[in-house]
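Everything on this sheet refers to the single structure shown next.
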Amino acid sequence: MSLKGKKIILGVSGSIAAYKAALIVRGLVKAGAEVRVLMTKAAADFISPLTLATLSKHEVTTSVHDGESWNNHVELGLWADAMLVAPATATTLGKMANGICDSAIVAVYLSARCPVFFAPAMDLDMWAHPATRRNVELLQSYGNHLIDVGTGELASGLSGAGRLAEPEDIIKILADFLAQPLGKGTPLPVKASNTGTGMSTKADLTGTGVSSPAKQDLKGKTLLITAGPTYEDLDPVRYLGNRSTGRMGIALAEAAAARGASVNLVLGPTELTTTAEGVTLHNVRSAREMHAISVIKWPKADAAILAAAVADYRPSRTEAGKIKKKEGPMTVKLVRNPDIAAELGQDKRPHQRLVGFALETENGLENARGKLKRKNLDFIVLNSPNDKGAAFGHTTNKIQLVTGNKVTAFELKSKDDVADDILDALVKVL
Ligand code: CTP
């Protein structure tokens, strides 16, 4: 993991998790980055600016002016390859989202032209509050990247969603993002209607019934599941996407959790969600965001099931403002996205199992076998939109499970039952 030569602004706001900023600075510097730290006054109550100045080897800025001199936020905003706000409190998120410029963090944020990442940390009720949700969605709609909260024990003593993501995960997400071509200076605007906040009140699949909840044959196993579409933004209001709803992947996550597994579900933008116990939800929007979380979760997983319909391409640039029409035709240049399945397949350890999906309209078996081999999968789930009631947009699916030399065909069933068929096959090879 390298951030060699990358210039990173770290904004630290006043949360109990602010102490983790020291680990973030140390990790960034260790990865080769040049770091400048901004702190809110409240953050300085939790961790001393001297600590962060020592670790970053640069003075820490706590206000736009310090009585004697004016800190040039515009310059800093232009200097950086990326800005990271971690921990981002509810207050700082709110100020960033609404342009309330009363701290060095918000001043630099408003001037920054680089990609901006924010890693919230707060109590679970604050995180779930509609005001926070709205602010997160607003920030995403400006093209900023949410580094989703973790779940667990919180400073309040309560347990739930709201923990700051692990410093090493945060650093990896930045490093992966900046390692991609076009990582620098290409914020990916997200529509305000994006559901990628991990706390939405959308239609919930929980309780639709999993066919065999009593079976505990995945107890002690950790699963990574990708689901849903990815959206690749053209400008703040337009994107390239697909019709996946994520229903199959959510059904898989819920069924696996019901069978005892601990599941990381990386879910693209969709109206559906889950609150099932045992499922940690990571809402993402683009293929690159899905890739970043997946590669972090893969090393500790026993198996991954990749049900997401990942966009193979994204626009070579995302315009900061709405694209205006001109005379004549228009061409959009697309560049390749990372292939998550192929990458996980490449890094697969002997005990790990990898399951892919193939949605094919023609030459199904041949294409599925090709993907199985190319991506180093253990088996692949083949389905086709040509089959009535199967694939995208249905609550049912009709699949064939394909290994190197064997094909097992199943009837049209509810996606919950299909999930159990897939998990039965997985349990056999785990
Ligand atoms: N996949 C992925 N990352 C991508 C593309 C696909 O993880 N960038 C995964 C899907 O989740 C699925 C499998 O790879 O499990 C096959 O996806 P598919 O889109 O059918 O494969 P492609 O390699 O994109 O094949 P093609 O576009 O040639 O059909």
Side-chain angles (χ1 to χ4, degrees), residues 176-177 179-182 188 223-232 239-253 256 263-270 282 284-298 301 303-316 334-348 352-387 390-392 397 399-404 415 418-419 422-423 425-426:
D176 281 353
F177 187 91
Q180 306 277 342
L182 297 166
L188 304 176
L223 258 57
L224 164 67
I225 297 178
T226 65
T230 64
Y231 286 176
E232 311 298 326
Y239 58 84
L240 301 177
N242 61 66
R243 295 195 182 90
S244 169
T245 60
R247 190 180 293 277
M248 189 66 249
I250 293 173
L252 276 162
V263 181
N264 278 303
L265 174 63
V266 188
L267 182 63
T270 163
H282 306 273
V284 295
R285 180 172 175 86
S286 65
R288 286 195 289 177
E289 289 174 359
M290 185 172 278
H291 169 262
I293 301 277
S294 301
V295 295
I296 285 168
K297 297 297 173 190
W298 179 226
I305 306 178
L306 306 175
V310 188
D312 291 321
Y313 295 91
R314 65 176 182 274
S316 65
L334 301 177
V335 294
R336 281 291 297 270
N337 269 330
D339 187 326
I340 304 165
E343 228 172 276
L344 303 193
Q346 211 168 29
D347 295 339
K348 190 168 74 169
Q352 291 180 306
R353 298 291 171 262
L354 190 57
V355 179
F357 270 71
L359 177 78
E360 305 293 343
T361 49
E362 52 214 20
N363 303 329
L365 269 178
E366 194 186 323
N367 287 333
R369 286 210 172 99
K371 286 172 193 177
L372 184 82
K373 199 152 170 245
R374 258 197 327 275
K375 305 191 186 204
N376 195 17
L377 307 172
D378 291 276
F379 63 89
I380 190 158
V381 183
L382 170 62
N383 56 6
S384 166
N386 299 343
D387 285 328
F392 288 0
N397 202 1
I399 61 159
Q400 299 183 66
L401 296 185
V402 183
T403 56
K415 285 190 171 167
V418 171
I422 295 168
L423 293 176
L426 177 64

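Quantities reported herein were computed from a predicted structural model and do not represent experimental measurements. First listed ligand is number 1; within each ligand, the first listed atom is number 1.
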How far does CD of E232 sit from OG of S286, to the nearest 0.5 angstrom?
5.5 Å
Quick one: does any side-chain atom of N383 pair with a main-chain N or O of N397 as donor and acceptor, under 3.5 Å?
no
Within the heavy-atom cut-off of under 4.0 Å, ligand 1 is lined by L306, A308, V310, D312, P338, D339, I340, A341, G356, F357, K371, K375
Between R353 and A304, is there a donor-acceptor pair closer than 3.5 Å when you use the side chain of the first and the backbone of the second?
no
I293 and H282 have their tightest heavy-atom pair at CG2-CG, 3.9 Å
Polar contact flag, side-chain donor to acceptor under 3.5 angstrom, H291-N337:
no
Check this for me, if you would: do R374 and D339 make a salt bridge, where the nitrogen-to-carboxylate-oxygen distance has to be below 4.0 angstrom?
no
